[in-house]
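The structure under discussion appears below in the form of structure tokens.
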Amino acid sequence: MSKHLLGSILVGATALLLILAAGIYLTLPSSDVGSLNFEAGDLTVEIGKGVGTAKAPVVELDENGRAALAIPVSGTVLEDYPVLDLQFSSLPADASVYLVWQAEGRSMTHVSAPRSPGNRVSLSMSGQESWQGGARSVAILVAGQPGASWSVAWVTLKPGSLSTQLGVLLQEWLSFSPWDQRSINVNTGTRTPLALLLPVPVVFLLLTLSVAVYVVRGWMGSRAPSFQWRVVGGIALACWLGIDLMWQARLAWRVSDSVQRFGALDQKEKYHATDDAQLVAFARKVSALAGPSDSRVFVTSENDYLGMRLAYHIYPVNAYWRRRNATLPIEGSVQPGDYLVVLDDPLAIYDPTERMLVLAGEDRLPVSPVLDENADESLIAEFGRLYQVR
Amino acid sequence: MEAVRFVYALLLLCLPWSLCLMLLVPKSVPGRCALVVGYGMLCGLLGIPLLMRAFDALGFGLSYFGPVLIASLVMVLAAVLNQVRGGFSNNNTDERTAPWGFFAGGWVGFLQLLCIALIALRLLNLTVEVVLQPLFPWDATMHWATKARVWFAAGEILPFVENQQWLQLKDAQIFTDRHPAYPITIPLLQVWMNLALDSWHSSLMNLPWVLCYLSLGLMCYGQLRCAGAKQFSAVVFTYMLMSLPGLNSQVALAGYADIFLGACFAGAVMAFYNWSVTRQHWQGLLALVFALGCLLMKNEGLFWLLSFVPGLIVVLWPGRRGYWLIAGLVVLCLVLLWVFPRDFQVAGHTLAQLKLHFIPRAVLPMLASLFTHDNWHLLFYGVLLLVPASMVVSQEARKRLPGLIVVLGAALTLYATLFLFTRFSYGAVHYTAINRIGLHLTPALLFLVALSWLYLDKNSASRPPGNP
């Protein structure tokens, strides 16, 4: 039985490779172009502050925590270069990387570009509808802590060749990115949503081809044994193991990432190693002020994530936060002594002359600023202000 | 001291209930050890929060020692009764040799060992992840751990109400969050772990997620052995279940209730199948307890509980009569949906809120989630191909599987209705909920796939050689 099993899988795998190679080859662009290589000095700072030399620019994130370097590819036909390779010289651990571009006659588009170990980014752009036509602009955008700096070693735009596309595909399947908020909702099996092919349908194709080989061999062979579901089961298990080993490797990489981030920290320090670090510090200040008085705390924010996370860290103090509703509750719901945390809410403006918080719809609440004086300015700049209702 | 309390708290989530189940499950049952430990653990994950609720309702608040006292008494009593009834060993020779049987030689032995090693490695990885990561995922901090934080600090279960009601009440002892009406089992499990530690620990409080994952694997192994699977097949399918990425992510990023509901539903479905075949009372009891347990996990548990109704009809009235009865029930449900007032509530949502109509843009994301994304490896191809194949090829499958297929078919129909016909299609289109809700059903579906394969294999093995 093991002979049938291995033979079927080997022939099936060979057939699969041929089909994949043919499929990718047929979708390659027809034009004959060479790679476009850019050194760090070729790139220009579009957002943020350039602080390095002209040959080796180092970019500092602006006060909004963003910085961008433009790649000089104006007029280049984008679909001729379906692969982008990028090597950072330095990049903050908590920074997010995006590729932002605009083709002529199209709107601006961006994709998240998770990095591989070694701060390398490889993107297959074949699946992007808007990566077509003459380029107006292409830039690398980094988001993170204001003031943090990063730099690029080189960028290459590669023409589509069979080996390049297969290389990027393998990298998509076998490289890793840390857990994020989407991880619990969906797992595509690839590092980015840009992969040319997803592993599950490819492995299922391998399974189908291998079973087909087994069945055909059964029909053709004169001394063939009867059809055994056990062989089909063996082929399915082998395919399952193949796809699962990729997932297992991803899981192991994420565990080692967690060990590095949290392994040496005690319970109270753990949140300092997350994106919520400043939010938690701010929430602790709010809880310390509001907690002892049994007061209620209203959290308002245009950003659902920030509002929800802040409210969570404020508990067990009695907190109020409402999803998809940044505005503070109507007048009459709050009472003297209640606290109001105004995060990035442009509809709530404090009038210092009358010591009133002017809300959407011109409602006015008499308040006292609490975290204005002696507060950590960076916290206030990042999140917002705390008021107490008079 | 905290470490001792903590380990004992974990132990009480498993041992007393497993010892009780040992009294229930006959000693000759294959896979008995896995069965009683797996079901016992899940029973503890339901039972300890119920004890906490009972103590709180009696005015004792949320304390560590109350449930410890009762659970310890149950444990001692069950241990004594087990001893009186002839000790803890099994009569099943296969079971007694099991530890050595896992290391059988040849390809089968190698593959079996590989599967066990992969399960062990994953269990280790997931445990490390849970122990290290502070509470991370979205819903966990939006409406599950919010309650745990408040109740742990207050030492009692304080009421949570809707936002609007909270604004009107202006009471410092009444709280609000995004979903105040969700069942409270999950936050109570987090409170339980924190009570044992005597401090708020946003990582270790999530260890029940690892226990739930382990219990799911053990239940699957035990029930497959009960269903006649050889040790090798049972190990392979247990590995397949425990390798599902959608399941692993829920453990690694602990804090959601879906895995608990998935385990409860699977526990009930697996016991239901074996009860439908053998009519053993203890299997029926397990099916009933865990089907009802679904209600304690999430509101959707009501739908999965209802999906047993048509399955039960098929089992109790096999043949056309049963199917006519189900058709009548479906028509009745559709008529009721038509005539009921728009403000009639189903599992916390009014009919008007559900906005029942076909939403075509959710079809492709749903298919992608099941068949092309790597949420469930190759599971849904198995559902699509092996289940019909077994019904066509194997007479035994045609006789034994219909009840199970109808239960899971009903559940899948409700699942598809939720994402293709209601406003919750948002969760499919943006992939925010479709896989998490899918996790409620996938462990049970894997059991169905395993059974289908077993019937196919049995069928081809029973044919004379050279007869395709």
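Residue numbering restarts at 1 for every chain, and letters A, B, ... go by the order of the sequence lines.
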Largest heavy-atom contact set with chain B, pairs under 4.5 Å, which of [options]:
options	value
Thr274(A), Leu265(A), Val255(A)	Val255(A)
Phe262(A), Tyr271(A), Trp247(A)	Trp247(A)
Val202(A), Leu241(A), Val203(A), Val317(A)	Leu241(A)
Met308(A), Arg254(A), Met246(A), Gln335(A)	Met308(A)

Q: Decide yes or no for Tyr431(B) and His373(B): does some side-chain heavy atom of the first lie under 4.5 Å from some side-chain heavy atom of the second?
A: yes
Segment of [X] engaging chain A (4.5 angstrom heavy-atom cut-off):
X	answer
Ser203(B)	both
Trp138(B)	both
Ala389(B)	side chain
Trp151(B)	neither
Leu114(B)	side chain
Tyr256(B)	side chain
Asp258(B)	neither
Leu135(B)	both
Leu439(B)	neither
Leu385(B)	side chain

(Q) Looking at Arg436(B) and Asp139(B), is any side-chain nitrogen of the basic one under 4.0 Å from a carboxylate oxygen of the acidic one? (A) yes
Q.
Under 4.0 Å between a side-chain nitrogen and a carboxylate oxygen: does that hold for Asp244(A) and Arg122(B)?
A. yes
Would you mind telling me which of [options] has the largest number of heavy-atom pairs within less than 4.5 Å of chain A?
options	value
Trp376(B), Trp200(B), Phe175(B)	Phe175(B)
Ala153(B), Pro134(B), Gly246(B)	Pro134(B)
Gln250(B), Met240(B), Gln133(B)	Met240(B)
Leu126(B), Asn163(B), Leu158(B)	Asn163(B)
Ala433(B), Ser202(B), Pro245(B), Ala154(B)	Pro245(B)
Val128(B), Val236(B), Asn248(B), Leu244(B)	Asn248(B)

With only heavy atoms counted, which part of [X] is less than 4.5 Å from chain B, the side chain, the backbone, both or neither?
X	answer
Ala273(A)	neither
Pro201(A)	both
Asp180(A)	backbone

Value rounded to 0.5 Å, distance of [atom1] in [X] from [atom2] in [Y]:
X	Y	atom1	atom2	result
Leu118(B)	Leu245(A)	CG	CG	6.0 Å
Glu129(B)	Ser256(A)	CD	OG	9.0 Å
Trp453(B)	Arg230(A)	CH2	CZ	6.0 Å

(Q) Walk me through whether Phe371(B) and Tyr381(B) qualify under ring pair (Phe, Tyr, Trp, His ring centres under 6.0 Å). (A) CA-CA 7 Å; Phe371(B) 292 102; Tyr381(B) 292 103; 5.3 Å; yes
Q: Decide if atom NZ of Lys170(B) counts as having more than 12 heavy atoms of other residues, nucleotides or ligands within a radius under 6.0 Å.
A: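 Check passes, neighbour count above 12.
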Q. How are the rings of Phe298(A) and Trp166(B) set to each other: parallel, tilted or perpendicular (split at 30° and 60°)?
A.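 Correct class here is perpendicular.
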Q) Should the pair His430(B) and Tyr426(B) be assigned to parallel (<30°), tilted (30 to 60°) or perpendicular (>60°) ring geometry? A) tilted
**Q.** Side-chain donor-acceptor pair present, Arg191(A), Ser175(A), cut-off under 3.5 Å
**A.** yes
Q. Should Trp240(A) and Phe204(A) be marked as a ring pair (Phe, Tyr, Trp, His ring centres under 6.0 Å) after you check the CA-CA gap, both sets of side-chain angles, and the distance that decides it?
A. CA-CA 9 Å; Trp240(A) 191 290; Phe204(A) 179 65; over 10 Å; no
Q: Go through Asp276(A) and Tyr305(A) one step at a time and tell me if the side chain to side chain donor-acceptor pair (under 3.5 Å) criterion holds.
A: CA-CA 10 Å; Asp276(A) 286 355; Tyr305(A) 177 82; 2.8 Å; yes
Q) Do Arg182(A) side-chain atoms and Thr432(B) backbone N/O form a donor-acceptor pair below 3.5 Å? A)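 No; judged by distance alone, with no hydrogens or angles, the pair does not exist.
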